[in-house]
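Quick notes on the structure that follows.
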Amino acid sequence: MLEVRQLCKNYSGRQVLSPVSFALPPGQCLGLAGSNGSGKSTLLRLIAQVEGPDGGDVLWNGRSVLGDRQFLRVELGYVPQSAELARELSVKQQLVLWQRACGLSGALPEDILDLMGLGPLLKKPIRALSGGMAQRVSIAMGLLARPNILLMDEATAGLDQDYVPRLLNWLEAFVAEGGSLVWCSHHRAELDRLCGAVLRLREGKLLPGYDLPGEAEPQ
């Protein structure tokens with residue numbers, strides 16, 4: 001089980017994320033919703049340890065994993081809101097580099113390449129990719145290690161539309177097979193489809209309670 005306990009963040013003395021806590025068991029998807037600047041991306045970056053929190057903890061199966069590189073490489077996959085790729089590399093070089101960073105070797109997984117249609121792009125330089133192509137590479141990087149936990153921040157934003165249903169179908173199967181997914185989105189239909197419950201943030205603060213799919217948007 002993934003547990004987030006009182007994670008918070010300050011920038012220049014201003015609190016941009018008030019303490020947030022939740023638990024996510026295996027085989028469930030938790031949605032994150034809120035307007036731009038509400039703190040959703042900050043929360044995911046703290047869980048993924050792209051940034052350090054100013055308080056709180058992240059636990060996996062009851063054990064703190066802050067600073068645990070093995071957890072980040074093997075158990076957790078993170079897809080940021082904007083693709084963070086090395087422009088000087090080819091698509092294949094980027095994927096192989098990330099695979100090695102995760103402690104993996106061997107050929108790139110064909111099923112992940114096929115899912116995101118990356119076979120024809122492997123020799124293409126990152127700098128020559130369209131925004132949608134870059135997003136497909138970023139998603140593939142998050143899936144390469146076959147993690148037990150996925151954090152996905154607006155993963156369908158800018159994604160080529162042919163790949164949106166592919167990704168959503170794959171994620172449904174991932175959760176059904178015991179994976180844990182945190183899905184951040186502005187799209188109500190995606191939240192309703194994937195998530196058992198949705199947490200809502202406003203101005204860095206978690207709104208009380210869980211929003212259940214199908215219910216009206218809180219005002």
Side-chain angles (χ1 to χ4, degrees), residues 1-9 16-51 53 56-66 68 71-84 135 138-157 159 164 167-202 204-207 209-213:
M1 177 183 289
L2 176 69
E3 295 179 76
V4 170
R5 295 183 179 176
Q6 298 291 298
L7 274 188
C8 58
K9 185 66 178 179
V16 296
L17 185 69
S18 297
V20 171
S21 298
F22 65 81
L24 180 60
Q28 292 192 23
C29 173
L30 179 67
L32 287 180
S35 60
N36 291 335
S38 62
K40 306 185 305 298
S41 294
T42 298
L43 176 57
L44 291 188
R45 289 171 69 85
L46 296 181
I47 299 171
Q49 300 183 48
V50 177
E51 301 181 45
D57 204 353
V58 178
L59 294 89
W60 173 241
N61 294 332
R63 178 177 61 87
S64 176
V65 289
L66 287 182
D68 186 336
F71 167 79
L72 295 173
R73 289 171 174 168
V74 177
E75 299 288 356
L76 184 140
Y78 169 56
V79 179
Q81 187 170 12
S82 299
E84 299 173 0
Q135 184 69 351
S138 182
I139 292 170
M141 288 170 62
L143 307 183
L144 273 182
R146 304 190 187 282
N148 289 306
I149 308 162
L150 281 173
L151 311 177
M152 306 193 81
D153 191 356
E154 300 287 352
T156 60
L159 183 63
V164 173
L167 176 62
L168 296 181
N169 289 340
W170 191 94
L171 291 171
E172 283 184 321
F174 169 78
V175 173
E177 293 167 3
S180 299
L181 171 63
V182 181
W183 181 256
C184 176
S185 178
H186 287 291
H187 299 291
R188 183 72 203 206
E190 294 177 1
L191 294 166
D192 282 350
R193 176 174 174 176
L194 293 175
C195 305
V198 179
L199 295 177
R200 294 189 173 273
L201 287 160
R202 181 181 296 160
K205 296 180 180 179
L206 190 64
L207 297 181
Y210 284 80
D211 177 25
L212 300 178

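Computation of the quantities below employed the complete heavy-atom set of this structure, encompassing side-chain atoms and omitting hydrogens, waters and symmetry-equivalent molecules. It should be emphasised that the depicted structure is a prediction, and the values quoted were computed from it without experimental measurement.
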Which residues share a salt bridge (Lys or Arg N to Asp or Glu O under 4.0 Å) with Arg73, sequence neighbours left out: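 Per chain and number, Arg73 pairs via salt bridge (Lys or Arg N to Asp or Glu O under 4.0 Å) with no residue.
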What pairs with Asp68 under salt bridge (Lys or Arg N to Asp or Glu O under 4.0 Å), at least two apart in sequence or on another chain?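 Once residues adjacent in sequence are excluded, the partners of Asp68 under the salt bridge (Lys or Arg N to Asp or Glu O under 4.0 Å) criterion are Arg63.
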Tell me if a side-chain donor or acceptor on Glu190 pairs with a main-chain N or O of Leu168 at a distance below 3.5 Å.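 No, the answer is negative, given that no donor and acceptor are paired below the 3.5 Å cut-off.
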Got a sec, which residues hit side-chain hydrogen bond (donor to acceptor under 3.5 Å, both in side chains) with [X], two or more places apart in sequence or on another chain?
{"X": "Arg5", "result": "Glu3"}
{"X": "Ser21", "result": "Gln6"}
{"X": "Ser41", "result": "Gln81, Asp153"}
{"X": "Asn61", "result": "none"}

With sequence neighbours excluded, tell me which residues meet side-chain contact (heavy atoms from CB on, under 4.5 Å) with Glu51.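 With sequence neighbours excluded, Glu51 shows a side-chain contact (heavy atoms from CB on, under 4.5 Å) to Lys9, Tyr11, Arg45, Leu46, given in chain and number order.
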Run the side-chain contact (heavy atoms from CB on, under 4.5 Å) test against Ser18 and tell me which residues pass, sequence neighbours left out.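 Listed in chain order: Gln15, Lys205.
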How many angstroms lie between atom [atom1] of [X] and atom [atom2] of [Y], to the nearest 0.5 angstrom?
{"X": "Ile139", "Y": "Leu167", "atom1": "CD1", "atom2": "CG", "result": "5.0 Å"}
{"X": "Leu44", "Y": "Trp183", "atom1": "CG", "atom2": "CH2", "result": "11.5 Å"}
{"X": "Met1", "Y": "Ser180", "atom1": "CE", "atom2": "OG", "result": "8.5 Å"}
{"X": "Ile47", "Y": "Leu76", "atom1": "CD1", "atom2": "CG", "result": "8.5 Å"}
{"X": "Cys29", "Y": "Leu191", "atom1": "SG", "atom2": "CG", "result": "8.0 Å"}
{"X": "Arg202", "Y": "Leu207", "atom1": "CZ", "atom2": "CG", "result": "5.0 Å"}

List the atom pairs, donor and acceptor, that lie under 3.5 Å between side-chain atoms in residues 30-40 and the rest of the protein, sequence neighbours left out.
| unit_1 | atom_1 | unit_2 | atom_2 | d |
| --- | --- | --- | --- | --- |
| Asn36 | OD1 | His186 | NE2 | 3.1 |
| Ser38 | OG | Ser35 | O | 2.8 |
| Lys40 | NZ | Gly34 | O | 2.9 |
| Lys40 | NZ | Ser35 | O | 3.2 |

Listing request: all salt bridge (Lys or Arg N to Asp or Glu O under 4.0 Å) pairs with a residue in residues 19-34, at least two apart in sequence or in separate chains.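 Non-adjacent pairs meeting salt bridge (Lys or Arg N to Asp or Glu O under 4.0 Å): zero.
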What's the shortest heavy-atom distance between [X] and [Y], and which atoms?
{"X": "Val198", "Y": "Cys195", "result": "CG2-CB, 4.2 Å"}
{"X": "Asp57", "Y": "Ser64", "result": "OD1-OG, 2.8 Å"}
{"X": "Ser138", "Y": "Val79", "result": "OG-CG1, 3.9 Å"}

Apply side-chain contact (heavy atoms from CB on, under 4.5 Å) to residues Leu43 and Leu206 and explain how you reach the verdict. CA-CA 11 Å; Leu43 176 57; Leu206 190 64; over 6 Å; no
Run the side-chain donor-acceptor check on residues 140-151: report pairs under 3.5 Å with partners two or more places apart or on a different chain.
| unit_1 | atom_1 | unit_2 | atom_2 | d |
| --- | --- | --- | --- | --- |
| Arg146 | NH1 | Asp111 | OD2 | 3.0 |
| Arg146 | NH2 | Asp111 | OD1 | 2.8 |
| Arg146 | NH2 | Asp111 | OD2 | 3.3 |
| Asn148 | ND2 | Glu75 | OE1 | 2.4 |

With Tyr78 via ring-ring contact (aromatic ring centres under 6.0 Å, His included) - residues at least two apart: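 Checked Tyr78 against ring-ring contact (aromatic ring centres under 6.0 Å, His included); zero matches.
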